Amino acid sequence: MLQIAILGFGVVGSGTAEVLYENRKQIADYCGDEVNIKYILDLRDFPDHPLGDRVVHDVNVILNDPEVVLVAEMMGGAHPAYDFTRAALEAGKHVVTSNKEVVATFGAELLEIARTHHASYLFEASVGGGIPIIRPMQTDLASNEILSVSGILNGTTNFILTKMKNEGAAFADVLREAQQKGYAEANPTADVEGIDAARKIVILAALAFGVLADPNRISTKGITGITQEHTAVADKLGCAVKLIGHTEKIDGRVLALVSPFLVPAANPISHVDDVYNGILVDANMLGRALFYGAGAGKLPTASAVVADILDVLSHRASERRLPAWRVATAEDMASSEDYVCRRCYLIEGCQRCAAKAKAALGTEDCVFLEGGTFALISRPMSEKDANAALASTGLTPRFCLPVLD
Ligand code: HSE
């Protein structure tokens, strides 16, 4: 019997117990032994749950039990999740987690502690919910140089944007529905302000480029400013508005950012709707690959947690290693102002204004809309250059969104 402990019995923690129970036969076959949840750490009691007798309130019960070989941390939040993870690794226990805040903030340090104590620290469920993305990038793409990663990394905001577009639904109503479905964070500000996506893109950037950026220092814009006007302009241009996390290298420095983008219909990401996530990885040998699936929710996310549990328990003779990450310095990081892409501007004005704007932004791609506005899409330019070029015309845009080609 392989003894494990669950830290945090909320949506994902209880889902993990459900997956381990529902699929116990195939899981035992895969691991070569039965997997047993010996302890569940939570502040609450669950007297009516079949595993209610496993609940403990003191993490030391778990840390001091030599039978427990693996801890699955699904508490959410930085503390005490980080402290318990660290203590478990130092006790030589393997840790798997869905906690993107801890991975994005302390991942470099925790990977190092894991290495020192011959333990594994795995976090497939921290990005993309149930979609396999961390392990494929780590193993299947190990022979490739990763050129860029772009994607819809937050299920809650994609659910909201999809309903706003298709049903004209109000932001607050859809957010409430996303919370009821168990997609949103405990504090949904992290979802709608792009903070959750920022944590996920820095994890993907670290996998791609080896340096872990501070998620609080990358350029992060959420969807709270997105209105039906953005959606209508996108529609007119044959695009969808999507909250995108993007990372690439610019002149040897790592760019990571989160922003609403216009995504043209030709890009498969534009068709990723509802709670689904879609992540495009550009690699120098493979080319472009799309990873698609449920980006949030109880059982999809639990499926990814259990994937890590199985990876560790089926390789008991050796730890599962991820390459070391270095904490990024300011010199490692590129400014979002240097990011080169096409940009869509919505501007109020007449034919003459449009002609000036088109000349400044090097484009003929312009449509007139109702209400005396026009939308134009610049040639690929850095944000700095595009804004300076437009400023030289004296025109002030109503909004500007980058375009994901
Ligand atoms: N709140 C997150 C989301 C959960 O909506 O994507 C999955 O990380």
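All heavy atoms count here, side chains included; hydrogens, waters and symmetry mates do not. Note that ligands are numbered from 1 as they come in the structure, with each ligand's atoms numbered from 1 the same way. Because the structure is a prediction, the values reported are computed rather than measured.
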**Q** At a 4.0 Å threshold, what atoms of ligand 1 neighbour a non-hydrogen atom of Lys200?
**A**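 In order of numbering, the contacting atoms are 2 (C), 3 (C), 6 (O), 7 (C), 8 (O).
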**Q** Could you check atom 6 (O) of ligand 1 against the protein and tell me its nearest heavy-atom contact, residue, atom and distance included?
**A** Gly155 N, 2.8 Å
**Q** What protein heavy atom lies closest to atom 5 (O) of ligand 1? Include the residue and the distance to one decimal.
**A**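 Here the closest protein heavy atom is Thr156 OG1, 2.6 Å.
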**Q** Where does Asn277 meet ligand 1, judged by heavy-atom distances below 4.0 Å: at the side chain, the backbone, both, or neither?
**A**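 Under 4.0 Å from ligand 1, Asn277 contributes no heavy atoms.
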**Q** Has Thr363 got a side-chain atom pairing as donor or acceptor with Arg379's backbone, closer than 3.5 angstrom?
**A** no
**Q** Can you confirm if the aromatic rings of His49 and Phe9 lie within a centre distance of less than 6.0 Å?
**A** yes
**Q** Could you tell me if any non-hydrogen atom of Gly129 lies under 4.0 Å from any atom of ligand 1?
**A** no
**Q** Can we say Glu229 and Arg398 salt-bridge, meaning some charged N sits less than 4.0 Å from an Asp/Glu carboxylate O?
**A**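 Judged by the 4.0 Å cut-off on N to carboxylate O distance, Glu229 and Arg398 do form a salt bridge.
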**Q** For atom 2 (C) of ligand 1, find the nearest protein heavy atom and state the residue, atom name and distance (0.1 Å precision).
**A** Glu185 OE2, 3.1 Å
**Q** Output every pair passing side-chain hydrogen bond (donor to acceptor under 3.5 Å, both in side chains) with a member in residues 387-396, not counting sequence neighbours, ordered by first then second residue.
**A**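 side-chain hydrogen bond (donor to acceptor under 3.5 Å, both in side chains) check on residues 387-396 returns Tyr345-Asn387.
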**Q** Return the closest protein heavy atom for atom 8 (O) of ligand 1 as residue, atom name and distance.
**A** Lys100 NZ, 2.6 Å
**Q** Considering the heavy atoms of Asn154, write down every atom of ligand 1 situated less than 4.0 Å from one of them.
**A**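 Here the atoms of ligand 1 in question are 2 (C), 3 (C), 5 (O), 6 (O).
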**Q** Pull out every atom of ligand 1 sitting under 4.0 Å from any heavy atom of Asp191, numbered as shown with elements.
**A**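 Those of ligand 1 that fall under 4.0 Å from Asp191 are 1 (N), 2 (C), 3 (C), 5 (O).
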**Q** Strictly under 6.0 Å, is that where the ring centroids of Tyr292 and His271 end up?
**A** no
**Q** Show which atoms of ligand 1 fall inside a sub-4.0 Å distance from at least one heavy-atom site of Gly295.
**A**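 The atoms of ligand 1 under 4.0 Å from a heavy atom of Gly295 are 6 (O), 7 (C).
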**Q** Using 4.0 Å as the upper bound for N to carboxylate O, is an ion pair formed by Arg253 and Asp251?
**A**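 No, no charged N to carboxylate O under 4.0 Å.
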**Q** Would His230 and Gln228 count as a side chain to side chain donor-acceptor pair (under 3.5 Å) if you check the C-alpha gap in whole Å, the side-chain angles of each, and the deciding distance to 0.1 Å?
**A** CA-CA 5 Å; His230 294 82; Gln228 294 295 352; over 6 Å; no
**Q** Please identify which atoms of ligand 1 are closer than 4.0 Å to at least one heavy atom of Ala296.
**A**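 Selected atoms, number and element: 3 (C), 4 (C), 5 (O), 6 (O), 7 (C).
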**Q** Would one find more than 12 heavy atoms of other residues, nucleotides or ligands at under 6.0 Å from atom CZ of Arg316?
**A**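 Atom CZ in Arg316 is packed in, count exceeds 12.
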